[in-house]
Structure formats: structure tokens, C-alpha cells
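Structure, as C-alpha cells:
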Amino acid sequence: MIRDKSFTSILMQWDKNENHRKMPWKGEKDPYKVWVSEIILQQTRVEQGWMYYERFLIQFPDLISLAKAKDDDVFKLWEGLGYYSRCKNLIHTARYIYDNYEGKFPENYEDILSLKGIGPYTAAAIVSFCFNKPYAVLDGNVFRVLSRISGNSIPIDSAEGKIWYTKLADKLLDKILPGKYNQAIMDFGATICKPMLPLCAACPANNICVAYDKTMVNILPVKEKVLKKRIRWFSYFIIKAEGKVLVRKRTENDIWQNLFEYFLIETPANPEWDFSAISTLFKTQLGINHLTISNISVAKPQQLTHQLIKGYFVHLEFSSMPEVLKSKNAMWLTDTAVSNLPFPKFINEYFSSPKSPPALF
DNA sequence: AACACGGGGAT
DNA sequence: ATCCCAGTGTT
């Protein structure tokens, strides 16, 4: 077992003298801003979230402005950041605090933990950073640092591991300066005790680090869960009629919930569309005699955490809006209206990347 | 307890 | 290719 006190004092000493990491939200005490930063940073690299944080606070500088915002405007700011349920919960919780706490962010750990989108990590971060309360954060950085200094190979994603690391984190927390300590251990994990190629030779804690002593640094922390992946085939039909295009909001319980998309046909395998097959499909399904396919492109595949999305983009032109395409969430919109809506990267990529020449069959 | 949820950067 | 990132909600 490691000598608890020494790690804490080593870390605080390192933070005071050698930690030069700077971030826009560091030292922030406004719980609204800290909350926004922590939600943005969930499972997201600091560098990736940085600009999103700054843009978010310009448009929604306080909780009131967020509570009164339109959903799609907030999602537009979140566009491209991923994990869109974070955005949904952010809106929901802003309105909840506005309605139930008179717009003032709660300061009690349990109250904060009960809010949608806020789990143990984010609640601990908010109360320690803003109110200096003694709650230890436990994120990917902390798991890694604690696993290595203790030399523990219990999987960090097992139930047993979570309990064990929670206890150790609570024990090592600096109870006088919990906010400083929490910030320090995450900075330390991000800059010294990195996942790959950690800077062990320069590490101020290498003399008490069990993993370093036993040359186990490269195998810790241990994870037990293996990611399952699947391929999905999305064929998008960009259907235009009377100067407008068919768009719908993704409301189903699936990826990209609350983002928008074009008319989608998902197939269990590569559909290998060609002009004739698509024409037949639409003529039979829609009872339409005439349609024009102006273009078919192969989509750039997109790798998500559990899924690989592949597919096609097909442009169709109708002389008038087909009745059968007026479904529940479907809307016919102008290009201007469409440009203000949030879309998945899979779709934005298609429109932003040069397609010369179009990848035809 | 197991699983889904995005996108990007490093190795 | 693979891993992992200032995790959380759902089933």
C-alpha cells in the first residue's frame, strides 16, 4: 500500500510549483460556468471542448439565458461535439433550476447529484471547485493515477474496482483544499501520468509509485469490458420539391437524437443502390410515376464508439411534394432554414467535403 | 450489471 | 487499427 499522505503532499507541491496548465474554466467559481464546462468535458478532450465552452458562454452567459433558449439553438451550438443527450439534459436542468431554485444553482452535493446529466464526477467537481467542499472527483485521469501509484490491477470498470477506487480517492483527497487537489490530480493525469508514454522519469511521485517500482505502468489501469461494434448502412435521400427539401428530427431512441436528418432508409447490409433500383423503390413505395435522380454519392464512413456508419447520399427531385412523405416529424424547409438546424457529422461531412467528381456507380 | 451514446487525437 | 478522453442514463 502506498503512503497516503505523501502522495497528497507530493501532488499539491507539484501543483504549486510545476503545474502550468491553463484552461478557460480553471479557477472559475460560478457554478453555472463550471457546470457547463464539466458537461462539455464529459468523455471529451480538453482541446476539443475548449472552443465549444467559449462559444457557449458567449451565447448563453448565465442560467437564465439558457433556460429561456430554444432547444434547436442550443443543439446548434453542440453540433459536432457528440453525446447529444448531454445537451438535452443541459437544457432540461437549466429550466429545472430556473423553475425550482429561482434560477440559483444549488450548492448541496445531493441536490446537485439529483440533477439530470450530473453524476458523481460532475457533482464532486462543482461542489469542490465552486464551494471548496470535500468531495473527490473520480474520472479517467484519477482512475489511471490511482491505479498506477497503488499498483492495483482490479479492473477500474468493475463494480469492485469502482468501490475500491472511490475509497482510495476519498482517503487521498486534501480535505483543506479539495478544489485545488481535484484540479491538480486531473492536471497531473493529463500531463504527467498520461495513458500512453507517461513521463515517469520526470514524475515527482515515481519514488512512491508501485506501478513504476514493479514496471507495471504500461499495463495499468486494467479494463475488463470489451467494446462491441456493428456496421449500419444509412442511405440518405435529399428530396427536393417546390424549392424546399425534406428534413426530419431524429426523435427515436438511437444515435443523434434531437439532431436533424434527410429522408433515411436504413438497410441491414450494403444496399448497393443503383439508379434503377432507387427509381423502382420510390415508384412502388410512393406510388409515383416520375422522379429524377440527379446524383448518387458514397458517404464517408463514420466511426462511432459502438457503430460504424456507412451509406449513400441520393439526390431526388419531385415536381410537387409527395403526400406520402409527410410523416410526423417531417418538414419541408428552405436551404436557409436547414442551415440553422443541427445535423450529424455524417451528413455535414457530405456537404462540406469536396465531391469531385461525384462517386457514381 | 450491461449497454448505448460522438467525435477527435495520439500512438 | 486501437485506445481513450474532466461520465451518465437507461434497461
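In what follows, chains carry the letters A, B, and so on, assigned in the order in which the sequence lines appear, proteins first and then strands, with residues in each chain numbered from 1. What you see is a predicted model, and the numbers here were worked out from it, not measured in a lab.
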Comparing nearest nucleotides in DNA chain B, the 5'-proximal residue of the pair Ala159(A), Thr44(A) is Ala159(A)
Closest non-hydrogen atoms of Ile156(A) and Pro221(A), given as atom of the first, atom of the second and distance, are CG2-CB, 3.7 Å
Contact check, residues 173-186 of chain A vs DNA chain C, heavy-atom distance under 4.0 Å, returns Gln183(A), Met186(A)
Which word best sums up how the rings of Phe260(A) and Phe343(A) line up, parallel for under 30°, tilted for 30 to 60°, or perpendicular for over 60°? tilted
Taken to the nearest whole Å, NE2/His306(A) to P/dC4(C) is 14 Å
Tightest non-hydrogen contact, residues Gln302(A) and Phe346(A), listed as OE1-N, 3.0 Å
So, with a heavy-atom separation below 4.0 Å from DNA chain B, the residues of residues 14-28 of chain A are none
| message | Classify the ring geometry of Tyr135(A) against Tyr109(A): parallel below 30°, tilted from 30° to 60°, perpendicular beyond 60°. | response | parallel
Atom CH2 of Trp50(A) and atom C1' of dA6(C) are separated, to the nearest Å, by 14 Å
For dT11(C) versus dG6(B), give the span between their P atoms, rounded off to a whole number of Å.
15 Å
Under a 4.0 Å heavy-atom cutoff, the residues of residues 114-148 of chain A touching DNA chain B are none
Quiz item: Say you pick atom P in dC3(B) and the same atom in dA6(C); how far apart are they, in whole Å?
Solution: 25 Å
Under a side-chain separation threshold of 4.5 Å, the hydrophobic residues clustered together with Leu220(A) are Met216(A), Ile219(A), Val222(A)
Answer yes if the ring centres of Tyr52(A) and Phe56(A) are under 6.0 angstrom apart, and no otherwise. no
- Task: Please determine if Lys223(A) and Asp157(A) form a salt bridge, counting it only when a charged side-chain N lies under 4.0 Å from a carboxylate O.
- Result: no
From NZ of Lys88(A) across to P of dT8(C) the rounded distance in Å is 15 Å
Counting the atoms with a prime plus P, OP1 and OP2 as sugar-phosphate, which does Gly189(A) contact under 4.0 Å by heavy atoms, base, sugar-phosphate, or nothing?
nothing
Between CD of Gln42(A) and C1' of dG7(C) the distance, given in whole Å, is 5 Å
Bounded by its outermost nucleotides with an atom under 4.0 Å from a heavy atom of chain A, the footprint on DNA chain B reads dA1(B) to dT11(B)
Closest to the 5' end of DNA chain C, once Ser37(A) and Asn253(A) are matched to their nearest nucleotides, is Ser37(A)
Atom OH of Tyr83(A) and atom P of dA6(C) are separated, to the nearest Å, by 13 Å
Leu41(A) CG to dC4(C) C1', in whole Å, measures 15 Å
Problem - Expected output: side-chain Arg232(A) to main-chain Ile309(A) donor-acceptor under 3.5 Å - result: no
Tell me if the centroids of the rings in Tyr262(A) and Phe351(A) come within less than 6.0 Å of each other. yes
Heavy-atom closest pair (Lys104(A) atom, Ile97(A) atom, distance to 0.1 Å) is O-CG2, 3.6 Å
Heavy-atom count check: over 12 atoms from other residues, nucleotides or ligands less than 6.0 Å from Glu224(A) CD? yes
Any side-chain donor-acceptor pair under 3.5 Å between Gln42(A) and Thr122(A)? yes
Closest to the 5' end of DNA chain B, once Arg230(A) and Glu224(A) are matched to their nearest nucleotides, is Glu224(A)
When every non-hydrogen atom of Phe129(A) is compared with those of Val34(A), the smallest separation belongs to CD1-CG1, 4.0 Å
Note: Lys88(A) and Asn258(A) closest approach over all heavy atoms is CD-ND2, 3.7 Å
- Query: Charged N to carboxylate O under 4.0 angstrom, Asp72(A) versus Lys249(A)?
  - Reply: yes
Regarding the side chain of Arg45(A), the nearest nucleotide among dC3(C), dG7(C), dC5(C) is dC5(C)
What do the steps show when you test Tyr312(A) against Asn270(A) for side chain to side chain donor-acceptor pair (under 3.5 Å), and what is the final call? CA-CA 10 Å; Tyr312(A) 302 91; Asn270(A) 188 343; 2.8 Å; yes
Atom NZ of Lys229(A) and atom P of dC4(C) are separated, to the nearest Å, by 12 Å
task: Give the intermediate values and the outcome of side chain to side chain donor-acceptor pair (under 3.5 Å) for residues Glu38(A) and Tyr121(A).
output: CA-CA 9 Å; Glu38(A) 295 301 341; Tyr121(A) 163 77; 2.7 Å; yes
Taken to the nearest whole Å, CD/Gln257(A) to P/dG9(C) is 14 Å
Stems in DNA chain B, runs of 3 or more consecutive Watson-Crick or G-U wobble pairs with both distances under 3.5 Å, sorted by first number, are B:1-5 with C:7-11, B:7-11 with C:1-5
